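Structure, as structure tokens:
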Amino acid sequence: MPELPEVETIVCELCPLTVGRGITDIEVLWPGSIAGATPEEFAARLVGRTIDGLTRRAKFLLFHLTGGDVLLVHLRMTGRLVLRSRGAAEERFAKVIIGLEGDEELRFTDIRKFGRLQLATAEEVVDLLGSLGPEPLAEEFGVAELKRALGKRKAPLKSLLLNQTLLAGVGNIYADEALFLAGLNPQRRPRSLSEVEWQGLHAGIRRALQAGIEDRGTTFSDFRDGRGRPGNHQDSLSVYRRTGQACPRCGGTIARTVISGRGTHFCPSCQV
DNA sequence: TTCGTCCTGGTA
DNA sequence: TACCAGGACGAA
């Protein structure tokens, strides 16, 4: 499932490959993947535009187009955005094909059909992304900003880390890994944290995300980068999907529970 | 704040 | 053959 590190990996990969190129044609194979417009409107507004820039906000990819419009892409669970040459064998589960100048195309594929593409004006983007919390890897995101985001909430830390309106980009994998690095039990509540624990949580979130980016993302089955390659971080995870295995820090046994309906992995011995 | 919903391939 | 995985959103 693409979270901040996976989306960042795709953006870094696709940026030099797509920026400056014009969109020549659009093929919508599954209209449900397009939000806020019919496939015809979507295609009509995109064809002829040039990609001026590609950035990330939370788990969104933002293709900035000539004229100011933005193509927002959210991969949700199983979405992929891969650059292929036009002649390459067609992907199974392809939903939208964005043809580019120069005999290549961006293929959006999505097994579970949760992912969405949406074309928005600059004003609409502000509205669509306005409720997102701060970027945890931003330079200005310090311990004080983390406390401001989560401090007054009463829910378990695990639930809060997944809430995109509080903190942008963390999903189930990196929430579990961040709490492990911080040595905090996922059920802990913000008001119980000491100053040292806040610092540990801040560092844990950033280290977990940074490690994921350095390994070009986590692939269990679905994630692929902008060229269709899997990531490497699944081999370096400490707790996520390691139920029953030994804790890399204390040797205890990794446990699994459910918090807010999400599988949650942690070491009961050293995450207190 | 929690839960159901959307989805379907993979697994028990 | 039934169930599980979970990001985000709307409803309760």
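Naming convention: chains lettered A, B, ... in sequence-line order (proteins, then strands); numbering from 1 in each chain. From a predicted model like this one, the values you see are computed outputs, not experimental measurements.
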Using the ring-ring contact (aromatic ring centres under 6.0 Å, His included) rule, collect all pairs that involve residues 116-151 of chain A, keeping only residues at least two apart or in two chains.
->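 As it turns out, the ring-ring contact (aromatic ring centres under 6.0 Å, His included) pairs with a partner in residues 116-151 of chain A, which skip direct neighbours, are F141(A)-H202(A).
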
Not counting sequence neighbours, list each pair that qualifies as a ring-ring contact (aromatic ring centres under 6.0 Å, His included) and has a residue in residues 21-64 of chain A.
->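 Found F60(A)-H74(A).
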
On DNA chain C, check which nucleotide each of F60(A) and N172(A) is closest to and give me the residue with the more 5' one.
->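 Closest to the 5' end, via its nearest nucleotide, is N172(A).
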
Could you identify which residues cluster with I111(A), counting Ile, Leu, Val, Met, Phe, Trp and Tyr as linked when any side-chain heavy atoms lie under 4.5 Å apart, either directly or through a chain of such contacts?
->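 Grouped by the 4.5 Å side-chain rule, F93(A) form the rest of the cluster around I111(A).
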
Report the residues that fulfil side chain to side chain contact (heavy atoms under 4.5 Å, CB included) with [X], sequence neighbours left out, ordered by chain and then residue number.
| X | result |
| --- | --- |
| A122(A) | none |
| N185(A) | Q187(A), R188(A), F266(A) |
| Q234(A) | T218(A), T219(A), F220(A) |

Leading and trailing nucleotides of DNA chain B with any atom under 4.0 Å from heavy atoms of chain A =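 Nucleotide range in contact with chain A: dT1(B) to dG9(B).
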
Please classify the nucleic acid contact of [X] as base, sugar-phosphate, or nothing, using heavy-atom distances under 4.0 Å.
| X | value |
| --- | --- |
| M1(A) | sugar-phosphate |
| F93(A) | sugar-phosphate |
| Y174(A) | nothing |

Pairing of [X] and [Y] as salt bridge, 4.0 angstrom limit:
| X | Y | result |
| --- | --- | --- |
| E177(A) | R207(A) | no |
| E195(A) | K147(A) | yes |
| R189(A) | E197(A) | no |

Non-hydrogen side-chain atoms of [X] and [Y] separated by less than 4.5 Å:
| X | Y | value |
| --- | --- | --- |
| T243(A) | H265(A) | yes |
| L75(A) | F108(A) | yes |
| E145(A) | E140(A) | no |
| D222(A) | M1(A) | no |

Inter-axis angle, terminal five-pair segments of the helix from dT1(B)-dA12(C) to dA12(B)-dT1(C) [nearest 10°] =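 The end-segment axes of the helix from dT1(B)-dA12(C) to dA12(B)-dT1(C) are tilted 60° relative to each other.
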
Where along residues 150-167 of chain A does a heavy atom come under 4.0 Å from DNA chain B, residue by residue in number order?
->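 Of all residues in residues 150-167 of chain A, the ones placing a heavy atom under 4.0 Å from DNA chain B are R153(A), K154(A), A155(A).
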
For DNA chain B, determine which residues of residues 105-131 of chain A have any heavy atom closer than 4.0 angstrom to one of its atoms, and list them numerically.
->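 I111(A), R112(A), K113(A), F114(A) - these, ordered by number, are the residues of the stretch whose heavy atoms sit under 4.0 Å from the strand.
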
Can you give the first and last nucleotides of DNA chain C, 5' to 3', that have an atom under 4.0 Å from a heavy atom of chain A?
->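 Extent of the interface on DNA chain C: dA5(C) to dA8(C).
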
Is the closest side-chain donor-acceptor distance between D110(A) and T78(A) under 3.5 Å?
->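 Yes.
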
Want to settle it: does S221(A) or R76(A) sit nearer the 5' end of DNA chain B, counting the closest nucleotide to each?
->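 By nearest-heavy-atom nucleotide position, the 5'-most residue is R76(A).
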
Only pairs under 3.5 Å count here: list side-chain donor-acceptor contacts from residues 124-134 of chain A, not counting sequence neighbours, and write none if there are none.
from	atom 1	to	atom 2	distance (Å)
E124(A)	OE1	T121(A)	N	2.8
E124(A)	OE1	T121(A)	OG1	3.4

